[in-house]
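Lettering of chains follows the sequences in order, A, B, ..., and the numbering in each one begins at 1. A quick note: this is a predicted structure, and the numbers were derived from the prediction, not measured.
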Amino acid sequence: MYSVDLINLTKKWGKVTAVNDVNLHIEEGEFVVLLGPSGCGKTTTMRLVAGLEEITAGEIKIGDQIVNEIDPRKRDVSMVFQNYSLFPHMSVRNNIAYPLKMKKIPSAEQEKKINDVSKLVELQDLLDRKPAELSGGQRQRVALARAIVRQPRVFLMDEPLSNLDAILRVTMRSELKNLHHRLGVTTIYVTHDQVEAMTLASRIAVMSDGKLLQYDTPQIIFDEPSTKFVAGFIGSPAMNLINGKVVNGKFISDTINADFSINYEGDITLGIRPDKIDIVDQNSPNNGSVKVFSNESTGESNLITCKMEDQSLIIKADKNTNYEIDNEIFLNFKKEDCYFFDSKSEDRLKL
Amino acid sequence: MKKYSGDWYWYYVINSVLVILILFPIYWTFISSVKKPDELITSEPTFYPHTWTWQYYDRIWNYDTAVLTSATTATNNSSKKIHKTTGSVTQTIGIDDAFTNSAIVSVGTIIFSIIVSTFAGYGLTFFRIPFKEVLFILLITPILVPAISLIIPIYKLLKVLGLTDSYLGLIFLHTTAMLPIGVFMMRNAFSSIPNSLREVALLEGTSELKIIGNVMLPLAIPGLLTVMVFAMYISWNDYVLAFLFINSPEKTMLNIALAKIALGGSQFEMKWGSLTAGSMISFIPIIIFYTLLQRYFVRGITGSAVKE
């Protein structure tokens, strides 16, 4: 079991900084998810760990070894790609056997390992097929089997589930989690899907514009987002972020006017999760009135979208409620459910 | 599937015309090679041979022995007579040996072209090289330069390398002529392979050579076969380079031998029958090779336009 450390890791493509001074410590056997929108540098970070890109500045350590200068062939990591990257001209068996063949493992032992792994990912009956004859989920399992068959020091997974359909993604997610539990190999997983990140990770590293914004357990990231970006990225539907300002302890935006008696003056962003907004019958001190823009039922709840002057607001209301479009509703915010962010730096303000 | 449009027959009309235009010279060569001499040289050409003969094939395949005997007997009498009886360019070999010579050079060209095009195409596709695109364009630009315009520098170069009048020299020249298109095709073939396949192999500790051998070449076979067909075509059809750089009679290439044989009669006599029969023999390898590989050939060319 190996830990992975990224120390002041920086990668520049000409003038563009893809990864900007990232520090990350990954414990032995941990499942860390790099989460962020596309182009945030998460895949580049992973490729740096694999050695597929050259580091501009900083250090990467696998275990106690600094691997900056080590050839990707010798880093002993294996990677699962978004497009599976199976060798199309080889059977499933040969695909899985490929890492073993490259390590010149005796064929009897190869056979045993292939059998073990294919049982683990339920591919026993498909070993003689070609990748083209498999479904997406099966191909993904072959890619996984190939990655785990030789027990590398670190697993790298680059959006492995994003090419699968929604139902299969949920199944594979749980299989991945189970697999990681069994094997216990340190894993770095890249995704832009916050649900995947929340469910799989032991810790999530949220990235944006090449910077690491927050690195913590899924629950803490959800409960205590450190920046406005993290707050808006995690959770489905996303947290409402309302731009406004504080005057005399009151939060004022174009439609909302809430007296939180907070000790702050100036521009501020208020964040509140959709399920924490109460719909009330009449004007109360901490509220605003908004018009219903749309009303969507998900079966377990009603998602009500309201348009304010130039921002919108989503409220997760009880499934038994019924608010007609264009009706006016009154909202109530509790201060303890609200997050405040500096409008300029986007950092969280504890108020 | 798309239904035939009302104008579908135009497809056949136009293509039939093209096919006739292209095949007619070959047909003419063939019938000329099997016509009897009096039917061949006539003011009223026939469009099919009225009487068949295979005598030219027999004669041209066994040409060297005939010439050599007549040459030896001639030498016995007087050196002047050689000129008279056998013409000025008879110091050549029969086309069976010339055929072998051409085959050696063609196979050599195919092998060299595959090796060089594969490595160049691989590097230009997967390696991070500064100014890669410029390099690639520079590599394929020579396709626009006719070989004949570079004859003198090429001759100097071969002289320095000691490769004039050798198979290897000619193989190098043909490979060079082949390179632009070869590199272009191999690069196209490799470009259609996802980079991540190489990266997977890399992370499993595969050396670059093994990546090419185990992963890339099996997936680039159409491109590879196209390169082979082109190399064969360039090498087998070459006349100018073989004419200029091969001097020893026993190393004469097929095309040169054919020309020499055709002109090998008395002055102003063209041996049409021998020439056409020899030409038909020289078509055989190209026809076989192309027929076997034409599937890939077409795919290799169109594959460059449409990426899957």
Item to check | Aromatic plane relationship, F126(B) with Y122(B) - under 30° parallel, 30 to 60° tilted, over 60° perpendicular | outcome: tilted
Check whether [X] gets within reach of chain B through its side chain, its backbone, both or neither, counting any heavy atom under 4.5 Å.
X	result
N83(A)	side chain
Y98(A)	side chain
L86(A)	backbone

Checklist entry - Would you call E208(B) and R198(B) a salt bridge, taking side-chain N to carboxylate O under 4.0 Å as the test? => result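 So E208(B) pairs with R198(B) through a salt bridge.
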Next on the checklist: If the threshold is 4.0 Å, N to carboxylate O, is there a salt bridge linking R128(B) and E53(A)?
Outcome noted: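 Yes, this pair counts.
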Item to check | Engaged part of N214(B) at the chain A interface, taking heavy atoms whose separation is under 4.5 Å | outcome: both
Next on the checklist: Counting only non-hydrogen atoms closer than 4.5 Å, does L219(B) touch chain A with its backbone (N, CA, C, O), its side chain (CB onward), both, or neither?
Outcome noted: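 Just its side chain gets close to chain A.
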Item to check | Under 3.5 Å donor-acceptor, R169(A) side chain and L164(A) backbone | outcome: yes
Checklist entry - Are F99(B) and W236(B) an aromatic pair by the rule of ring centers under 6.0 Å? => result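 Yes, the ring centres sit under 6.0 Å apart.
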Next on the checklist: Counting heavy-atom pairs under 4.5 Å with chain B, which one of R75(A), K101(A), R146(A) comes out on top?
Outcome noted: R146(A)
